[in-house]
Amino acid sequence: MNKFRYLPSVPLSYEQQGEIFFACRNYARQSAQMRSKIDRLITEAGGEHAAALKAYLTTRASWERVTMDYFISSSTLDRIRRRFYELW
């Protein structure tokens, strides 16, 4: 299961990262405007791996499940997740 963890490599506070994590986790309950923002940033950060990033950020899918289902390396998933947070 995907739980919130602070990312020291991202130049945002614990609270800011938590807000982003839970906004994404509650994607289905967000306003259309917020879903649009999340989708736009996922596309920008993830590029060809956007579907994997969206699955990781907006569902309870584990890191391992996403890397297996989308044939993406853990280092790539980590890199695009960091980029997503930085773009927020």
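FYI, side chains are in, hydrogens and waters are out, and symmetry mates aren't considered; it's all heavy atoms of this structure.
Of all heavy-atom pairs between I42 and L53, the closest is O-CD2, 3.9 Å. V66 and A52 make their closest contact through CG1-O, 3.5 Å (heavy atoms, listed as atom of the first residue, atom of the second, distance). A pairwise comparison of heavy atoms in Y6 and S13 identifies CE1-C, 3.9 Å as the closest pair. Of all the heavy atoms in A61 and A55, the pair that sits closest is CB-O, 4.1 Å.
Here the CH2 atom belonging to W88 is positioned 11.5 Å from the CD atom belonging to Q16, to the nearest 0.5 angstrom. Separation of atoms OG1 (T67) and OH (Y56) is listed at 10.0 Å; rounding is to 0.5 Å. Here CZ of R25 is found 10.0 Å from NZ of K3. Values are rounded to the nearest 0.5 Å. Once rounded to the nearest 0.5 Å, the distance linking NE2 of H49 with CD1 of I72 reads 5.0 Å. Distance check: L12 CG to E86 CD gives 7.5 Å after rounding to the nearest 0.5 Å.
At most 12 heavy atoms of other shown residues, nucleotides or ligands fall within 6.0 angstrom of atom CZ in R65.
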* Check the pair R5 / Q17 against side chain to side chain contact (heavy atoms under 4.5 Å, CB included), numbers first and verdict last. => CA-CA 9 Å; R5 289 191 200 117; Q17 289 185 33; over 6 Å; no
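Listed by first then second residue, pairs satisfying salt bridge (Lys or Arg N to Asp or Glu O under 4.0 Å) with a partner in residues 34-51 read D39-K54, not counting sequence neighbours.
Contact of the I38 side chain with the L57 side chain is not registered, since no non-hydrogen atoms from C-beta on lie closer than 4.5 Å.
Considering only residues two or more places apart in sequence or on other chains, D78 meets the salt bridge (charged side-chain N to carboxylate O under 4.0 Å, His left out) condition with R81, R82. Among residues two or more places apart in sequence or in another chain, the ring pair (Phe, Tyr, Trp, His ring centres under 6.0 Å) test is passed with Y14 by F4.
Under the 4.5 Å side-chain heavy-atom criterion for Ile, Leu, Val, Met, Phe, Trp and Tyr, F22 and Y85 are members of the same hydrophobic cluster. A continuous path of Ile, Leu, Val, Met, Phe, Trp and Tyr side chains, each step under 4.5 Å between heavy atoms, connects L87 with L77, placing both in one hydrophobic cluster.
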